[in-house]
Amino acid sequence: MASLTFLGAVGEVTGSRYLIEYHDSGREHRWLLECGLHQGGADAERANAEPLDRLARSLDGVVLSHGHLDHAGLLPKLVRDGFNGPIHCTQDTAELLDIMLRDAAFVMAKDIEWDNKWRRKAGKPLLEPLYDLDDVERTLAMCMPHGYGRAVSLDGDASLVFRDAGHILGSAIVEVGVPAGGRQRRLVFSGDLGNPDSVLMHSPDKPRDADVVLMESTYGDRDHRPLEETLEEFAEVLEQAHAAGGNVLIPAFAVGRTQEILYHLSVLYHQGRLKQQRIFLDSPMAIRVTELYARKKAALNRDDLKVLNVAAQGDPSQYLPGLRLTRTVEESMAINRIHGGAIIIAGAGMCTGGRILHHFRYNLAKPSTRVVIVGFQAAGTLGRALVDGAERVKVLGEELPVKAMIHTLGGFSAHAGQTDMIGWAGAFRNAPRFYLVHGEPQAQQRLQAALAESGIQAGIPLYGERIAL
């Protein structure tokens, strides 16, 4: 018998984790599909801190769909708690993990150091990081990279294939074949499906055959606004901010979203529609990822790159001349002496930590400030509180009034919308069993109903639920 147990991203968007179990020649095999951080407040922090030692020591290995922290950010903790097996991922994901996990450990240490200053004053117990750089080094050494479309043999007569998910650099749809009942049972996990309208990425591949399909449902309750309308609104927000004399703050995920925003700013600049002369990419991780994207042009969408090359006459230094890369803390702090006319792109994308919080301290209480939300904000995060219209928020231990204007631009999403997900699901033959994961309950229920109208039945699993493959 082969089975799958839902251990994360069930009824929520973060914390992706699924356990695959099967038997071969009398031996039990256990593989973990994803090992993601939970993001969003105290509950998420408690979930991340749960011991993983029993799970870690029982695993043959780990399979990753892509490098975002909500899918891979707990890997070093798994290693710290005893895991010592292979981590299968795409080549580009392995290179992203080298950047992202190091940065996560560094930011975690800095954020905890800051929090502990307040905790000492309040007489509260001090916090410890989930993992450190030594754990990250050991994790990276376990990564086994593969190309798209290549069959990989796993222990116990199982197999693995990665296909392009079109979400971020290296993102994959995961196909796992395991022995059960005298034949191979095929599990397909969508990972995060890309938005076909997104720049730089290719459209997601569409597998045809599966017995069981796990499909993300982040935006299962809606389609995204057309990209053309989103870009027009983005340009208008930038124009309004310039006229008001304020700064524009863009909390952006370092991988994917930052590069897409820089692309669109470049296009606006060459159209003569970008009046801000100072654009700061204030995230060491996003800078390194952007440099990686630049080295990986062969993996990106040629047509999108051609637009920039034509506009800049083939000179990459002229893509966005006003862009300034702020790597050091001192350079980041200097930005806060600028009271208007700047665009500041900084992480974390859900405002759960990182340099964006320091920019909020100096800008959130100013009516001239514009905060542009360009990605999904999970329940319980500071970003979600801003999207939901909070009038006051706590930032780095200090309560601040929200006087800035908050703009949510959903058309920049790197996730597929409802129609795209239904189209992807509809490409499968022979009616596999579908399970919706990686979505909040309302989004899952609406996608479930929409799929049913298209003749596709999908279940919504519970945490800890185990199904046969």
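Checking each of Met100, Met285, His66 against Val255 for a side-chain contact (heavy atoms from CB on, under 4.5 Å) leaves exactly one that passes, namely Met100.
Every pair passing salt bridge (Lys or Arg N to Asp or Glu O under 4.0 Å) that includes a residue from residues 375-385 is listed here, sequence neighbours excluded: Arg384-Asp388, Arg384-Glu440.
The pair Arg324-Asp282 does not meet the salt-bridge criterion, since no charged nitrogen lies less than 4.0 angstrom from a carboxylate oxygen. With respect to Asp92 and Lys296, a salt bridge is recorded, a charged nitrogen being found less than 4.0 Å from a carboxylate O. A salt bridge between Asp303 and Lys306 is absent, with no side-chain N of the basic residue lying under 4.0 Å from a carboxylate O of the acidic one. Under 4.0 Å is where a charged nitrogen must lie from a carboxylate oxygen, and between Arg119 and Asp115 no such pair does. The pair Glu399-Lys394 fails the salt-bridge criterion, with no side-chain N (NZ, NE, NH1 or NH2) lying under 4.0 Å from an Asp/Glu carboxylate O.
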Side-chain atoms of residues 442-463: list all donor-acceptor pairs with protein atoms under 3.5 Å, sequence neighbours left out, distances to 0.1 Å.
| unit_1 | atom_1 | unit_2 | atom_2 | d |
| --- | --- | --- | --- | --- |
| Gln444 | NE2 | Leu436 | O | 3.1 |
| Gln448 | NE2 | Ala458 | O | 2.8 |

Please set out all donor-acceptor pairs under 3.5 angstrom arising from side-chain atoms of residues 407-414, sequence neighbours excluded.
| unit_1 | atom_1 | unit_2 | atom_2 | d |
| --- | --- | --- | --- | --- |
| Ser413 | OG | His415 | N | 3.0 |

Donor-acceptor contacts under 3.5 Å from residues 369-379 side chains, at least two apart:
| unit_1 | atom_1 | unit_2 | atom_2 | d |
| --- | --- | --- | --- | --- |
| Thr369 | OG1 | Asn363 | O | 2.8 |
| Arg370 | NH1 | Pro367 | O | 3.2 |
| Arg370 | NH1 | Ser368 | O | 3.1 |
| Gln377 | NE2 | Gly349 | O | 3.1 |
| Gln377 | NE2 | Gly375 | O | 3.0 |

Hey, can you pull the donor-acceptor pairs under 3.5 Å for the side chains in residues 4-14, sequence neighbours left out?
| unit_1 | atom_1 | unit_2 | atom_2 | d |
| --- | --- | --- | --- | --- |
| Glu12 | OE1 | Thr14 | OG1 | 3.4 |
| Glu12 | OE2 | His38 | ND1 | 3.0 |
| Thr14 | OG1 | Gln39 | N | 3.0 |

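With 3.5 Å as the limit, one finds a donor-acceptor pair spanning the side chains of Tyr435 and Arg433. Side chains of Thr230 and Glu233: no donor on one and acceptor on the other come within 3.5 Å. For the residue pair Thr290 / Gln259, a side-chain donor-acceptor distance below 3.5 Å is found, with atom types taken as modelled. No hydrogens or angles considered: a donor-acceptor pair under 3.5 Å links the side chains of Tyr319 and Asn309. No side-chain donor-acceptor contact under 3.5 Å links Asn247 and His339.
Side chains of Leu193 and Ser190 form a contact here, defined as non-hydrogen atoms less than 4.5 Å apart.
Residues meeting the salt bridge (Lys or Arg N to Asp or Glu O under 4.0 Å) test with Arg278, sequence neighbours left out: none.
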